[in-house]
Amino acid sequence: MSSSLILSSLPSVTTVLLVISSFTLFVVFYIRSKYSYWERRGVPTPREVDVPFGHTKDLFFRRTPMTFVFQRIYDELEGHKFGGFYQLTKPFLMIRDPELIKSIFVKNFSHFHDRNNKMSEEMSSLSSHLVSLTGQRWKNVRYKLTPTFSSGKLRAMQGLMQECISELADYLDKATADGENSEQNVKELMAKFTTDVIGACAFGLNCNSIRDENSEFRRIGRLIFKPSMGAHIRSICRTLAPKLMSYLKLRSINPEVEQFFWTVLKDTVKHRESNVNKRNDFLQLLIEVQAEEIKHTRSNDHQNGDQAETRNGHAKNAIETPKDILFTDTVVASNAFIFFIAGFETTATTLSHCLYELALHPEICAKLREEVESVKQLHNGNLDYDAIKKLVYMEAVISETLRKDPPASLLVRRCTEAFKMPDTSLVVEEGTTLFVSIYALHHDPKYFPEPEKFKPERFLGENKDNIVPGSYIPFGDGPRICIAMRFALYEMKSVLAYIVSNYTIHTCEKTSIPLKYNPRSGLHSPLDVWVQFKRIVRS
Ligand code: HEM
């Protein structure tokens with residue numbers, strides 16, 4: 001073929017330019033129409049939008065921690081009860097007003113009962129847990145698991161908790177032997193302690209994280225929360241395009257982590273089958289719920305079978321179909337797993353924030369010590385479950401820590417049934433995702449004057465009564481509030497009581513003031529938190 005023939009068969013420059021400009025125009029109109037979603041509905045948005053990242057560009061590039069990205073959106077929507085924003089081109093709602101938060105999370109829960117992180121079993125074999133379950137299935141599992149955290153069950157766990165505190169006590173004893181002051185990265189030390197607590201209380205296992213630097217549980221714990229590019233991409237996909245996750249067969253949980261938990265669970269259950277000693281941990285309670293359900297289904301089956309026999313002349317065995325059982329092995333394993341991951345990092349982060357504040361405020365620490373000592377005296381030197389409940393100032397110190405630095409700084413709900421926003425003409429469409437920035441609310445001077453100051457008295461007496469409902473929500477709100485709130489508070493009070501009773505806490509050269517935050521972490525989690533412990537010598 002001659003070169004002139006080839007040239008004549010190529011599209012002309014005009015055609016190419018026309019195609020390019022049409023395509024560009026199409027993209028511009030497409031993005032514009034996407035970014036006008038809230039405007040068309042009369043909903044305010046933050047001023048500037050970064051095309052094509054929307055309002056959360058810093059989140060994509062992991063330049064700013066998530067907590068502060070959402071606080072900025074909250075602040076830019078000042079004066080509005082709610083507002084819209086975009087991640088890429090997808091619209092989201094930010095709810096700012098405490099009364100509206102109550103309305104959505106509590107009163108109108110039936111329109112907002114799910115989060116937007118539904119996982120399929122394709123994404124993980126440990127996906128059937130409370131955090132990701134939706135609709136009626138979530139409701140049934142939650143109903144069955146709520147008694148796991150009753151006062152009676154927590155009281156029964158105090159022995160397990162005390163064993164973990166003794167391990168920590170031994171460690172600190174050695175670290176401060178011969179009158180030495182001990183500098184500790186409490187971010188790591190508290191993570192080891194809470195791993196041991198959750199290992200004992202969830203699985204009945206001695207994880208040995210404090211004693212053994214190479215403890216498997218602690219290694220797996222680090223792996224779960226280790227920020228990586230893969231985890232970042234998965235988290236973006238889960239929020240913006242959950243269907244893409246299953247299409248690309250992206251796993252939500254590291255396969256090594258999954259494998260570890262299945263092995264631990266299978267071994268533990270097997271060990272229990274051959275051991276008559278009854279345990280008092282979450283796994284035992286899950287196993288009992290499952291056994292009860294199977295028994296109940298069998299007895300229903302017998303009744304149905306008997307009736308069927310009378311009607312049809314032959315019996316059938318309905319229990320053959322595992323789908324009739326809610327607490328399958330997968331549901332048991334998934335929930336034991338979620339108790340582990342939701343349980344250790346949140347409490348460890350809160351404890352390290354609290355120790356940091358106590359190091360900065362020795363007068364608060366001294367007052368706390370005074371309270372602990374006087375309650376101890378009333379209880380013959382023991383800080384058992386009932387004694388811990390009497391620590392009112394301790395409760396205020398922890399509440400203030402959770403106000404200033406809530407580890408889970410963002411709440412999410414998905415609109416499951418169209419909802420008309422009270423006093424407006426806006427109808428929130430089914431499928432819309434709503435966010436509440438816990439951190440921004442807790443730092444709004446309207447609700448908490450001088451929000452950067454650590455003041456436990458905000459949570460005492462009259463001040464506590466004056467807190468605006470819906471403005472203080474470190475554990476969430478409504479029927480999906482943290483299921484283990486009382487367990488977490490009991491754990492944190494118990495260990496802090498031990499520490500302040502035996503040590504004074506100080507800042508040291510390595511203490512970063514203010515703390516620095518990890519822009520890659522999904523939690524409001526500081527990088528290392530260094531403090532110094534000095535043993536109190538009593539005559
Ligand atoms: C300081 C400690 C903790 C904090 C601040 C915390 C905070 C939260 C928050 C904010 C939520 C979401 C609530 C909502 O959407 O309304 C949540 C849910 C949850 N938390 Fe916690 N949590 C803590 C400790 C724990 C512990 C120790 C466990 C387990 C042993 C746990 C297990 C869960 C579970 C399973 C859910 C999902 C509940 C559901 O959807 O039904 N959390 N937590």
Side-chain angles (χ1 to χ4, degrees), residues 67 95 101-102 104-106 109 112-119 126 128-135 137-146 148-149 153-154 157 160-161 190-191 193-203 221 281-283 285-286 331 334-354 395 398-414 433-439 441-442 470 472-496 522-525:
T67 303
I95 310 299
I101 292 171
K102 280 267 166 210
I104 287 171
F105 279 67
V106 188
F109 179 73
F112 300 97
H113 48 70
D114 295 343
R115 301 202 174 87
N116 72 336
N117 57 352
K118 186 177 178 199
M119 282 198 236
L126 294 173
S128 303
H129 53 68
L130 279 178
V131 173
S132 84
L133 283 175
T134 56
R137 205 152 166 244
W138 164 77
K139 200 171 168 187
N140 295 345
V141 173
R142 171 94 189 199
Y143 175 76
K144 292 275 188 180
L145 292 188
T146 297
T148 311
F149 299 94
K153 296 275 175 11
L154 295 188
M157 278 178 196
L160 294 174
M161 193 83 81
M190 291 300 111
F193 168 73
T194 57
T195 300
D196 283 357
V197 170
I198 210 75
C201 296
F203 301 98
D281 50 50
F282 301 156
L283 181 61
L285 300 168
L286 284 164
V331 171
S334 301
N335 283 289
F337 167 71
I338 204 68
F339 287 163
F340 179 77
I341 57 170
F344 88 86
E345 187 78 3
T346 43
T347 33
T349 301
T350 309
L351 284 168
S352 42
H353 274 131
C354 190
E395 174 110 21
I398 293 178
S399 298
E400 176 64 348
T401 307
L402 286 165
R403 180 203 63 82
K404 196 162 173 258
D405 291 298
S409 66
L410 203 63
L411 294 177
V412 185
R413 289 293 184 274
R414 203 170 70 85
T433 300
L434 286 71
F435 284 112
V436 170
S437 167
I438 304 179
Y439 184 91
L441 270 167
H442 288 186
Y472 178 70
I473 43 173
F475 291 98
D477 208 350
R480 271 200 111 136
I481 195 170
C482 177
I483 194 171
M485 178 172 80
R486 290 188 319 150
F487 172 80
L489 289 172
Y490 171 46
E491 174 185 2
M492 294 188 293
K493 287 183 200 171
S494 304
V495 70
L496 283 170
L523 286 176
H524 176 55
S525 174

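Whatever order the structure lists them in is the order used to number ligands and atoms, beginning at 1.
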Value for CZ (R413) from CD1 (I104), rounded to nearest 0.5 Å, stands at 10.0 Å
side-chain contact (heavy atoms from CB on, under 4.5 Å) test vs E491 passes for just one of T350, I198, T194, L496, namely T194
For V131, the ligand 1 atoms with a heavy-atom partner under 4.0 Å come out as 36 (C), 37 (C)
Is there any N or O on R413 that sits under 3.5 Å from an N or O of ligand 1? yes
Logged contact type for F344 with ligand 1, heavy-atom cut-off 4.0 Å, is neither
Nearest non-hydrogen contact to atom 41 (O) of ligand 1 from the set R142, H113, R480 belongs to R142
- State whether the shortest distance between N or O atoms of R115 and N or O atoms of ligand 1 falls below 3.5 angstrom. yes
Closest heavy-atom pair, P474 versus L402, reported as atoms and distance to 0.1 Å, is CB-CB, 3.8 Å
Just list the side-chain donor-acceptor pairs under 3.5 Å for residues 475-482, sequence neighbours left out, or say none.
residue	atom	partner	partner atom	Å
D477	OD2	K102	NZ	2.8
R480	NH1	H113	O	2.8
R480	NH1	L133	O	3.3
R480	NH2	L130	O	2.5
R480	NH2	L133	O	2.9

The ring pair (Phe, Tyr, Trp, His ring centres under 6.0 Å) partners of F339 (sequence neighbours excluded) come to F149, F282
Judged by heavy atoms only, the candidate from G476, A488, P474, P407 nearest atom 7 (C) of ligand 1 is P474
For D477, the atoms of ligand 1 under 4.0 Å from one of its heavy atoms are 16 (O)
NZ of K404 to NE2 of H524, rounded to nearest 0.5 Å, is 8.5 Å
Output for pair (L285 CG, L145 CG), nearest 0.5 Å, gives 9.0 Å
* To do: May I ask you to check if ligand 1 and T350 share an N or O to N or O distance below 3.5 Å?
  => no
Per-atom filter on ligand 1: closer than 4.0 angstrom to a heavy atom of I483 are 34 (C), 35 (C)
Near A484 (heavy-atom distance under 4.0 Å), the atoms of ligand 1 are 26 (C), 28 (C), 29 (C), 30 (C), 31 (C)
